[in-house]
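Every value quoted in this text rests on a predicted model; they were computed, and no experiment measured them.
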Amino acid sequence: MTEEKTITGFNGYIMLFAFLILLFGSIIAIFNTGSPVWAMGVLIAFLIVPGLILVNPNESRVLLLFGDYKGTVKENGLFWVNPFYTKKKISLRARNFDSERLKVNDKLGNPVMISTILVWRVQDTFKASFDVDNFENFVVVQTDAAVRKLASLYPYDNFADEGLDEDITLRSSVNEVSDALEKELEERLNIAGIEVLEARIGYLAYANEIASAMLKRQQATAIVAARHKIVEGAVSMVEMALEELSRKEVVELDGERRAAMVSNLMVVLCGDRDATPVVNAGTLNH
């Protein structure tokens, strides 16, 4: 037997009723007749009890007879099976696993802290029982291994300014990374009969030794991008101002004065602080 076989036991309520009738009937017969033969009825009654199994919703019982796999009972209710069967209880309910935060290197070699949240359940009780030593510990170890492999395949973030513009990153491509993680876990846990319901990155951050430096880098990138937008806007505003002055003939500007005006406007528009006006009571030359 190399795969799961689902079976159903005999009606447990009938056997429970038979146990009560046989037990109390034999005891009454012993007192009435005094014959020790009826003691066999009591012994048989107690042999019925080990065969009773109660299967709750989303639970199962794996049955073995002297090391030989006989099947798995997944149907809910009270059943009776061979009392010499070894009965192993395996839950079929969905379980959550929140892995520990692991320090791994991403695709660019930067150390990051990462953890995952896995939702899983047992799908094949035969594989979970006999193909791996401890399926719960197997899930833990293989999840850590899958997370380490996943982190090494993608960078934490894009670094377009350094020519490292990736389509998928750990920080921004949540759905793509989660799909890749689920596929990796399904391949690893299939040997244990485990079904992966959902896998998501639960925690993601740079390691402490580079977190401060990376924060400064992100801030610098944001400042540069903001300055770029400010300069673009300032150039457009200066161009518009010069065109309007020329069109309305407010003032005639030669090349030198035009350059001075452009310089002053760019300083005002691109400066970090508000400009301080200076009133010139003389002419343009003084």
Quiz prompt | Value rounded to 0.5 Å, distance of CG in L170 from OH in Y154 | solution = 8.5 Å
Exercise. Assess whether side chain to side chain contact (heavy atoms under 4.5 Å, CB included) is satisfied between V122 and I194, documenting all intermediate values.
Key: CA-CA 5 Å; V122 175; I194 303 299; 4.0 Å; yes
Quiz item: Side chains of N56 and N76: does their closest heavy-atom pair fall under 4.5 Å?
Solution: no
Self-check item: Heavy-atom check, side chain of E4 versus side chain of F130, under 4.5 Å
Solution: no
Exercise. Apply salt bridge (Lys or Arg N to Asp or Glu O under 4.0 Å) to E182 and R200, showing your working.
Key: CA-CA 8 Å; E182 286 185 13; R200 291 287 184 271; 3.1 Å; yes
Exercise. For atom CG of N32, decide whether the heavy atoms of other residues, nucleotides or ligands shown that lie under 6.0 angstrom number more than 12.
Key: yes
Quiz item: Taking side chain as C-beta onward, heavy atoms only, is L108 less than 4.5 Å from Y156?
Solution: no
Quiz prompt | More than 12 heavy atoms of other groups within 6.0 Å of E198 CD | solution = yes
Quiz item: V112 versus N105: any side-chain heavy-atom pair under 4.5 Å?
Solution: no
Practice problem: Check L92, L197, V196 against R121 for a side chain to side chain contact (heavy atoms under 4.5 Å, CB included) and give me the one that passes. | Solution: L197
Self-check item: Candidate pair F126 and T72, rule side chain to side chain contact (heavy atoms under 4.5 Å, CB included), full reasoning
Solution: CA-CA 8 Å; F126 179 87; T72 302; 5.8 Å; no
Quiz item: I191 versus F138: any side-chain heavy-atom pair under 4.5 Å?
Solution: yes
Exercise. Flag the pair K127 / N190 as yes when at least one side-chain heavy-atom distance between them is below 4.5 Å, and no otherwise.
Key: yes
Exercise. Kindly determine whether I53 and V81 satisfy side chain to side chain contact (heavy atoms under 4.5 Å, CB included), including the steps that lead there.
Key: CA-CA 8 Å; I53 58 173; V81 295; 4.1 Å; yes
Quiz item: Tell me the side-chain hydrogen bond (donor to acceptor under 3.5 Å, both in side chains) pairs involving residues 80-94, sequence neighbours left out?
Solution: E59-K89
Quiz prompt | Value rounded to 0.5 Å, distance of NZ in K74 from CD1 in I90 | solution = 9.5 Å
Quiz item: Are T143 and T116 side-chain neighbours, meaning at least one heavy-atom pair lies under 4.5 Å?
Solution: yes
Practice problem: To the nearest 0.5 Å, tell me how far Y13 OH sits from F79 CZ. | Solution: 8.5 Å
Practice problem: Output the distance between atom CG (N134) and atom CG (N137), rounded to the nearest 0.5 Å. | Solution: 5.5 Å
Quiz item: Hey, what do you get for CG (D106) to OG (S152), rounding to the nearest 0.5 Å?
Solution: 9.0 Å
Self-check item: Any side-chain heavy-atom pair of V174 and I201 under 4.5 Å
Solution: no
Self-check item: Atom CZ of F97: over 12 foreign heavy atoms under 6.0 Å
Solution: yes
Quiz prompt | For the student: nearest non-hydrogen atoms of S178 and A199, plus distance | solution = CB-O, 3.6 Å
Self-check item: From R101 atom CZ to L204 atom CG, the distance as rounded to the nearest 0.5 Å
Solution: 10.5 Å
Quiz prompt | Residue from L47, I27, L22 passing side chain to side chain contact (heavy atoms under 4.5 Å, CB included) with V42 | solution = I27
Practice problem: Check L189 against Q142 and note the closest heavy-atom contact, atom names and distance. | Solution: CD2-CB, 3.8 Å
